[in-house]
Amino acid sequence: MTPSHPPSAPSNQYRHLRVPLLRRESVGNAYHVLSFEVPDGLPADPGQFVMVRATTWGNSPLLPRPMSLLTGGTTPEILLKVVGEGTLRMGRAEPGELFSLTGPLGRGWRGPHPARQPLLVAGGVGIAPLLFLARELASSGRRPLAIYGGRTSRDLPFSDDLEEVAEVHITTEDGSRGLRGRVTDVLDDLLTPESEVFTCGPDRMMAAVADATFARDVPCQVSLEAPMACGFGVCLGCPVPAVSGGYLYACQEGPCLDARRIAWYPPTSQRGAR
Amino acid sequence: MTHQAVRVGSLTLKNPVLTASGTFGYGLEFAPFFDIEDLGGICTKGLSLAPRPGNPPPRICETPAGMLNAIGLANVGVEAFCTEKLPLLRERGVTVIANIFASSIDDFVTLANRLDREPGIHAIELNVSCPNVKTGGIEFGRDPHLSGEVTAAVRAATRLPLWVKMSPEAADLAAVARACQDAGADALTAINTIRGMAIDPERMCVRLANRTGGLSGPAIRPIALRIVWDLVGLVDIPVIAIGGIATAADALQFLLAGAHAVQVGTASFSDPVAPLTVAQGIRAFCEHRGLSIDDLIGRARTSATS
């Protein structure tokens, strides 16, 4: 990543690869990390994603799944939570199993701005693109603030890894680790006029985070999750209503987007007018 | 190496594999994967006179061996296609079939006129069978009289080869097919998606904002094959097959049923290289059996069952 030159267009350097699964590790509650073997490397920016499907799936599930990258390079990794048929199959995959990987796709995080203090806000499996970002920041000598929330202590995959590269505040809904509550309970105290927020997690969490940043006039990017069949602007299955009218496509303009461009996250003051 | 070129009316395709409208964008999105000019041709996303934003989300959902879509013909509009996309396709030597959509016969004619002037368009495919828009689309394709009228009007507006894409939902598809042939269509494409639905039991709501969507993918292949077989027996113009084709073996079924060419659609989502793989597989089959494409077309119509 080159922070001073954010990607201005979605990558057209994506490839379709057939690669073996190198490793699968279970983490916490129904989370799995899959590592793939890509000898010539998958050069990805933090926030970019890949479309993933095992070649053994046959006709069902039919479509590949969009997955944020945890790392790129010669052993790219994804983090998944089992939520349906596709992720269930991935969570049972064995090393050596052949996968198709299309990527890197979409636009990653813009910036981060060199003069602002990065503040990463992650919810559960939303940690993936943010840990990738935190590691990139660490490699350029910056240590971001982070808030990481989950339902329980078992819904915080990679929290130790995050703590290596960021100053982390943990929240859990049941209080089994960190502060009992939600990420937004901590956010207000950590936001300063110099903050720049990057968030990924459940939609309602991101909406609340975006709202808090609007109130403080602080920049905020969200990493969107949307159903998509292709990942590169063809199926048109991932429209997101835009503030400017019409739609943005999560796979093309996103998945990382300025929260102010998305009609789902208008400031509270405008929300009633929708 | 056997000859893979096929003739569809006056148009010669490099090989019998095309891509289906709506599953291959404007072609260029697939250029990072393979040389798209190696295909028999590409059918563009349905083009309308003005750009269309499309339907609200959710627009797609996965179903057993298939998917539902209700995109609502989102597209950049014919002008942007001609100025921004077509020159790049022309440069590459891609065979381009422009799929067009309108809600009135006048607009269909205007679209055809506009495309007729553009070098690099090799045929026009009339979309009179989209199930996901309120006006136009399937309203034309269900009605033999209207189908014939649109076809005749567009026929008079362009010298380009004219293909008409059939809806599987016409009550009397034979009458629609004959009306299009009589009105001057050069080929029929079959089939467009079949309307379906899905409901999320957990959230107790329909999965698509449009409620219904068009079903595509391997789930519809046997239905498509039956319809293509019937159409080949009904009309004298070539039939181009589409419906759940993902492999060369799938495509061969349709050629053996009498289709002159095939379109690969939904398969391009799970494997973006699928259209090329299908074309290579058909070639390998021909070489292995010592047959030409022409030897294959319609062969199952005269063979005894195995």
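So that the names make sense, note that chain A is the first sequence line, chain B the second, and so on, each numbered from 1.
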Residues at least two apart in sequence or cross-chain that pass ring-ring contact (aromatic ring centres under 6.0 Å, His included) with A:F198, listed by chain then number, are A:W109
Rounded to the nearest 0.5 Å, the CG atom of B:L73 sits from the CG atom of A:L236 at a distance of 10.0 Å
Q. Given side chains that start at C-beta, do those of B:D271 and A:R18 come closer than 4.5 Å, heavy atoms only?
A. yes
Cut-off 4.5 Å, heavy atoms of chain A, and the answer for B:P32 is both
Is the positively charged end of B:R59 above the ring of A:Y247, judged by distance under 6.0 angstrom from the centroid and angle within 45° of the axis? yes
Please check if atom CD in A:E225 has more than 12 non-hydrogen atoms from other residues, nucleotides or ligands closer than 6.0 Å. no
Legend entry - Close side-chain approach of A:T102 and B:F33, heavy atoms under 4.5 Å: yes
Between the NZ atom in B:K45 and the SG atom in A:C235, the distance rounded to the nearest 0.5 Å is 9.5 Å
Counting heavy-atom pairs under 4.5 Å with chain A, the top scorer among B:A219, B:C61, B:S268, B:P56 is B:P56
Under 4.5 Å to a heavy atom of chain B? For A:R15 that would be backbone
Pair count under 4.5 Å, heavy atoms only, with chain B: among A:G246, A:P241, A:P239, highest is A:P239
Taking the six-membered ring for Trp, are B:F269 and A:F232 closer than 6.0 Å centroid to centroid? no
Highest number of heavy-atom pairs under 4.5 Å with chain B among A:A229, A:C230, A:S100 belongs to A:A229
Hits for side chain to side chain donor-acceptor pair (under 3.5 Å) against B:S48, two or more places apart or cross-chain, chain-then-number order -> B:N75
Query raised in the report: More than 12 heavy atoms of other residues, nucleotides or ligands under 6.0 Å from CZ of A:R182: is that the case?
Result: no
Against chain B, residues from residues 58-82 of chain A with at least one heavy atom under 4.5 Å, in numeric order, are A:N59, A:S60, A:P61, A:L62, A:L63, A:P64, A:R65
Max heavy-atom pairs within cutoff under 4.5 Å with chain A, candidates B:G244, B:P58, B:G66, B:A246, goes to B:G66
Bottom line for B:Y26: the part with an atom under 4.5 Å from chain A's heavy atoms is neither
Can you tell if the side chain of A:H16 reaches within under 4.5 Å of the side chain of B:F30, non-hydrogen atoms only? no
Contacts of A:R92 meeting side chain to side chain donor-acceptor pair (under 3.5 Å) (sequence neighbours excluded), chain-then-number -> none
